[in-house]
Amino acid sequence: MRVLVAEDHRVLARTIATGLRREAMAVDIAPAGDEAERMCLLTAYDVLILDRDLPVLSGDEVCRRLRELVDPPQILMLTAAGTLSDKVYGLTTLGADDYLAKPFDFGELVARVRALSRRAHRPAATVLRSGSITLDDTRHEVSVEGRQLELTPKEFAVLRLLLAARGAAVQHDELVRTVWDEYLDPRTGAVRATVSRLRGKLGDPSVIVADRQGGYRLCD
């Protein structure tokens with residue numbers, strides 16, 4: 001899941017981004033409305049967390065403009081304006097998909113983002129299998145021959161992507177774009193280190209093999 005946080009309060013934006021990344025989401029940050037609009041035009045975000053009070057271009061105007069796109073992101077308005085009339089205006093007049101007033105509970109924010117992402121796409125298979133590996137996306141569980149594995153959010157996301165590819169290679173750039181975000185330097189060893197740890201947890205013989213073009217795929 002790829003999320004854009006449009007929030008000019010830097011500490012709050014970083015806090016939200018860090019928390020969502022721990023939930024295995026790829027998160028980018030836009031500190032102003034014009035930048036949020038530009039990033040949404042360049043990148044297919046699943047969810048936009050949008051503060052209404054943004055500099056340069058207001059969140060209200062960003063929402064109006066994005067609603068004109070053929071395939072806009074799901075928009076969660078996050079704002080201090082939390083009266084009933086504010087919510088009605090945001091959801092009806094502006095066209096937001098959800099509305100959450102500040103201050104908010106982070107667990108509720110995560111739940112709303114996940115719900116918006118499900119609404120945006122066709123439900124994907126909740127259980128993915130390859131050989132002895134079973135991944136249950138709903139329960140966030142992975143097992144090998146019935147043995148439960150403890151995976152980090154990044155390891156889980158990488159394995160889910162490899163399983164969904166059904167034996168086809170997933171290239172390094174796609175792993176970075178889908179599992180991480182724009183702030184990861186593609187030259188770092190983060191992907192390679194995550195794949196290495198995942199291989200160790202899945203056990204021998206390794207079912208993750210390297211592709212000639214720098215990607216990875218699963219073999220039975």
Side-chain angles (χ1 to χ4, degrees), residues 1-7 12-30 35-52 54 59 62-79 87 90-92 94-102 104-128 135-142 151-166 170 173-184 194:
M1 188 192 311
R2 187 145 197 181
V3 179
L4 176 62
V5 178
E7 169 63 63
L12 178 59
R14 287 198 300 267
T15 300
I16 294 173
T18 299
L20 294 180
R21 287 169 185 150
R22 288 173 179 166
E23 297 293 326
M25 302 180 197
V27 186
D28 298 330
I29 297 174
E35 187 173 353
E37 182 188 23
R38 177 184 60 81
M39 294 174 72
C40 286
L41 292 175
L42 294 174
T43 303
Y45 290 101
D46 299 296
V47 178
L48 167 61
I49 298 175
L50 181 64
D51 182 20
R52 288 185 65 180
L54 289 174
V62 172
C63 188
R64 288 193 188 96
R65 294 187 182 189
L66 292 181
R67 278 290 159 247
E68 297 177 359
L69 298 179
V70 174
D71 187 21
Q74 295 284 298
I75 298 176
L76 169 60
M77 280 197 156
L78 189 64
T79 174
K87 294 179 181 180
L91 293 170
T92 56
L94 298 179
D97 299 289
D98 201 354
Y99 198 103
L100 186 60
K102 300 175 184 177
F104 58 89
D105 178 81
F106 187 75
E108 182 180 3
L109 175 65
V110 172
R112 287 174 180 261
V113 168
R114 291 195 184 282
L116 286 174
S117 180
R118 289 194 298 270
R119 189 187 306 171
H121 304 285
R122 292 180 179 179
T126 57
V127 177
L128 299 171
L135 182 148
D136 189 321
D137 206 13
T138 302
R139 297 182 178 181
H140 209 77
E141 294 177 349
V142 173
L151 302 184
T152 67
K154 295 299 186 191
E155 292 164 357
F156 185 91
V158 168
L159 180 59
R160 179 173 53 198
L161 198 58
L162 292 173
L163 284 167
R166 300 183 180 276
V170 180
D173 289 348
E174 184 178 356
L175 286 166
V176 171
R177 184 173 61 252
T178 306
V179 179
W180 281 267
D181 52 57
E182 67 173 358
Y183 297 102
L184 179 71
T194 300

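Because only heavy atoms are used, hydrogens play no part in the values below, and waters and symmetry mates are left out as well, while side chains stay in. Model, not experiment: these values are computed from the prediction.
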Are any non-hydrogen side-chain atoms of V110 and M25 less than 4.5 angstrom apart?
-> yes

Side-chain touch L76/V113, heavy atoms, less than 4.5 angstrom | yes

Could you tell me whether the side chain of L66 reaches within less than 4.5 Å of the side chain of L48, counting heavy atoms only?
-> yes

Indicate yes or no for a side-chain donor-acceptor contact from E108 to the backbone of D105 under 3.5 Å, with no hydrogens or angles considered.
-> no

Without swapping roles, check the side chain of T18 against the backbone of R14 for a donor-acceptor pair under 3.5 Å.
-> yes

Kindly indicate whether the side chain of I49, heavy atoms from C-beta on, has any atom under 4.5 Å from the side chain of L4.
-> no

With T43 via side-chain contact (heavy atoms from CB on, under 4.5 Å) - residues at least two apart = R2, Y45

Least distance between heavy atoms, L128 atom then R160 atom | CD1-O, 3.8 Å

One should read off an interatomic distance between L50 CG and L100 CG, to the nearest 0.5 angstrom, of 12.5 Å

Any donor-acceptor pair under 3.5 Å from K154 side chain to V179 backbone | yes

Is the backbone of L54 close enough, under 3.5 Å, to the side chain of D51 for a donor and an acceptor to pair up by distance?
-> no

Take Y99 and R52 through the test side-chain hydrogen bond (donor to acceptor under 3.5 Å, both in side chains) and record every step on the way to the result.
-> CA-CA 10 Å; Y99 198 103; R52 288 185 65 180; 3.2 Å; yes

May I ask you to test the P72-C40 pair for a side-chain heavy-atom distance under 4.5 Å?
-> no

Would D97 and R67 pass as an ion pair if we require N to O under 4.0 Å?
-> yes

Evaluate the side-chain contact (heavy atoms from CB on, under 4.5 Å) criterion for residues L175 and T194: first the C-alpha distance (whole Å), next the side-chain angles of each, then the deciding distance (0.1 Å), finally the verdict.
-> CA-CA 11 Å; L175 286 166; T194 300; over 6 Å; no

Straight-line distance of E23 CD to M1 CE, nearest 0.5 Å = 9.5 Å

Might you point out which heavy atoms bring K102 and L78 nearest each other, and give the distance in Å?
-> CE-O, 3.8 Å

Note, V27 side chain near V5 side chain (heavy atom, < 4.5 Å) = yes

State, with a plain yes or no, whether a side-chain heavy atom of T15 is found less than 4.5 Å away from one of F106.
-> no

Looking only at non-hydrogen atoms, find the nearest pair between C63 and A96 and report the distance.
-> SG-N, 3.8 Å

Hey, are the side chains of F156 and V142 touching, using non-hydrogen atoms and a 4.5 Å cut-off?
-> yes

Interatomic distance, R112 atom CZ to L116 atom CG [nearest 0.5 angstrom] | 8.5 Å

Which heavy atom of R22 sits nearest a heavy atom of P153, and at what distance?
-> O-CG, 3.1 Å

Once you round to the nearest 0.5 Å, how far does CG of D98 lie from CG of L109?
-> 9.5 Å

